[in-house]
Amino acid sequence: MLGYLTARQTGLDDPLRLKRAESTRRVLSLKLNPDRDVDRIHGNGINTLDIETIEGRYMLSGGADGVIVIYDLENYSSKTQYTCKAVCTVGRSSRHVHKFSVETVQWYPYDTGMFVSSSFDKTMKVWDTETLKPAEVFEFDGNVYSHHLSPIARKHSLIAGHRAEVLSVRWSPRYAHILATASADSKVKVWDVRRAAGCLFTLDQHNGEKSKASSETVNTAHNGRVNGLCFTSDGLYLLTTGTDDRMRLWNSASGENTLVNYGKVCNESRKKLQFTVSRGCSPEFVFVPCGSSVAVYALHTGELVTMLRGHYNNVDCCEFHPDYQELYSGGKDCNILAWVPVLRTPDMEEESNQEKKGAAGPSAVNPAFQDTWSSDED
């Protein structure tokens, strides 16, 4: 770390290199934090999580009980042990609550005053955060498994919502008009919404070659239901998961299967599986619910880095916080767990400085939260 600091100070390295190195170190040290709890509100499994990108402070959750909760993730208590409080809830007592399981929740990308939810009650609702009342309700003929708002679109405010057996949808974070959809028919299609014609291409796990089981090309992404989609933060790659216990990495421009081998990625979910990719690391990592654990893989090599264990039942969703390199996961045990980087041990030079100042050891409170400006005098 000192080498990175010296290289940055002397101008030998781009400051981004130090940031990536520290972000990577923090992700590799993720542990279940015994000092941080998240209010337990849901009476049934948690299907979906989303952290807003404006302040990185508020998190949405949607559960199998139809309940939606908004949490405040910030710690203003100056104490290491704290609970992320639920600041408001659309509970069973609300006449606006979803009647059945909430499958997806998402903040409006440019304003925390609005969020969107979709449910097995065949509706998708656009909510006013201040009043916790729906400003708009869209009704469908079948269950809504997934929806997604483009994180970058400024010329349109389209919501990609599908029904029946389309299990997951994702807008590209690179191009506002590119959309990927995953289906129970083993196919993943990439669309350009500006075109009235069909999809741009359908992902093929065999890259156009004839499969061993058939004399013809099989144009499928997986050998089972495809229930998970996730673009990398730069939009150059697309990850998919399927009930064939496989995860695949695709070139999002060409649709080519990169053939990265992640091994067996356990996937028993019959509906959408929410997994996520790190941001700002080198290399990047993938966090995938795998039974009652979260598996962490190196994105481009397929190496299984670690398994994060803490839930008592299957994990259904996880969300990465890029500002603090933290991970939040929700499962059928009704719990949301916080996985936080272990603090870096002080360098020998830092320890000696603390001893000179009469410090007993490293402060238990992050200096960022210490009060250094107010006075004890009235």
Side-chain angles (χ1 to χ4, degrees), residues 1 18-42 46 48-62 69-87 105-107 109 112 151 173 230 232-233 274-290 292-299 305-311 315-331 333 335-345 362-369:
M1 183 55 63
L18 171 61
K19 181 180 178 181
R20 285 177 174 169
E22 178 62 9
S23 296
T24 303
R25 184 202 67 78
R26 288 172 62 83
V27 168
L28 290 173
S29 67
L30 282 176
K31 299 290 182 184
L32 183 61
N33 192 333
D35 295 324
R36 187 181 310 183
D37 293 320
V38 180
D39 267 351
R40 181 168 173 163
I41 305 296
H42 292 279
I46 298 163
T48 175
L49 298 170
D50 190 45
I51 299 174
E52 49 87 11
T53 57
I54 306 298
E55 300 177 74
R57 174 177 175 179
Y58 297 104
M59 180 172 69
L60 279 167
S61 70
V69 185
I70 300 177
Y71 304 90
D72 188 343
L73 302 180
E74 290 289 349
N75 176 19
Y76 293 105
S77 67
S78 297
K79 299 178 181 178
T80 55
Q81 188 168 10
Y82 73 101
T83 298
C84 299
K85 295 292 185 181
V87 293
V105 289
Q106 185 187 8
W107 290 103
T112 55
C230 186
T232 54
S233 59
Q274 182 183 337
F275 66 103
T276 188
V277 179
S278 66
R279 276 178 280 174
C281 300
S282 181
E284 298 290 5
F285 303 95
V286 191
F287 305 93
V288 189
C290 189
S292 60
S293 305
V294 177
V296 183
Y297 294 92
L299 177 67
V305 178
T306 187
M307 297 288 285
L308 304 177
R309 296 181 172 89
H311 283 277
V315 181
D316 287 325
C317 56
C318 53
E319 180 74 354
F320 183 73
H321 198 315
D323 296 341
Y324 305 115
Q325 295 78 47
E326 298 172 348
L327 184 76
Y328 291 86
S329 59
D333 57 3
N335 290 320
I336 297 176
L337 300 184
W339 308 87
V340 179
V342 176
L343 290 177
R344 182 174 61 87
T345 55
S363 174
V365 179
N366 190 316
F369 298 114

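Numbers here simply count residues along the sequence, with the first being 1.
Classified by interplanar angle (parallel below 30°, tilted 30° to 60°, perpendicular above 60°), the ring pair Trp107/Tyr58 is tilted.
Closest of all the heavy-atom pairs between Ser282 and Thr24 is N-OG1, 2.9 Å. Annotation for Leu327 and Cys318: closest pair CD1-CB, 4.2 Å, computed over non-hydrogen atoms. Of all heavy-atom pairs between Cys317 and Ile46, the closest is SG-O, 3.6 Å. Scanning both residues, Leu308 and Leu30, for their nearest heavy atoms gives CD2-O, 3.9 Å. The minimum heavy-atom distance linking Tyr328 with Leu49 is given by the pair O-CD1, 3.6 Å. Shown here for His321 and Gly56, the closest heavy-atom pair between the two residues is NE2-O, 2.6 Å.
Val87 pairs in a side-chain contact (heavy atoms from CB on, under 4.5 Å) with only one of the listed residues (Asp72, Asp39, Val69), which is Asp72.
With hydrogens and angles ignored, the 3.5 Å screen pairs no side-chain donor or acceptor of Asp35 with any backbone N or O of Thr80. Between the side chain of Glu326 and the backbone N or O of Ala338 there is no donor-acceptor pair closer than 3.5 Å. At least one donor-acceptor pair closer than 3.5 Å links the side chain of Glu52 to the backbone N or O of Arg57. A donor-acceptor pair under 3.5 Å is absent between the side-chain atoms of Thr276 and the main chain of Glu319, judged by distance alone. In terms of modelled atom types and a separation under 3.5 Å, the side chain of Gln325 and the main chain of Pro322 share a donor-acceptor contact.
Remark: Trp339 engages no residue in a ring pair (Phe, Tyr, Trp, His ring centres under 6.0 Å) (not counting sequence neighbours).
In this structure, Arg36 and Val340 have side chains that are in contact, with non-hydrogen atoms separated by less than 4.5 Å.
With values rounded to the nearest 0.5 angstrom, Cys281 atom SG is found 9.5 Å from Arg20 atom CZ.
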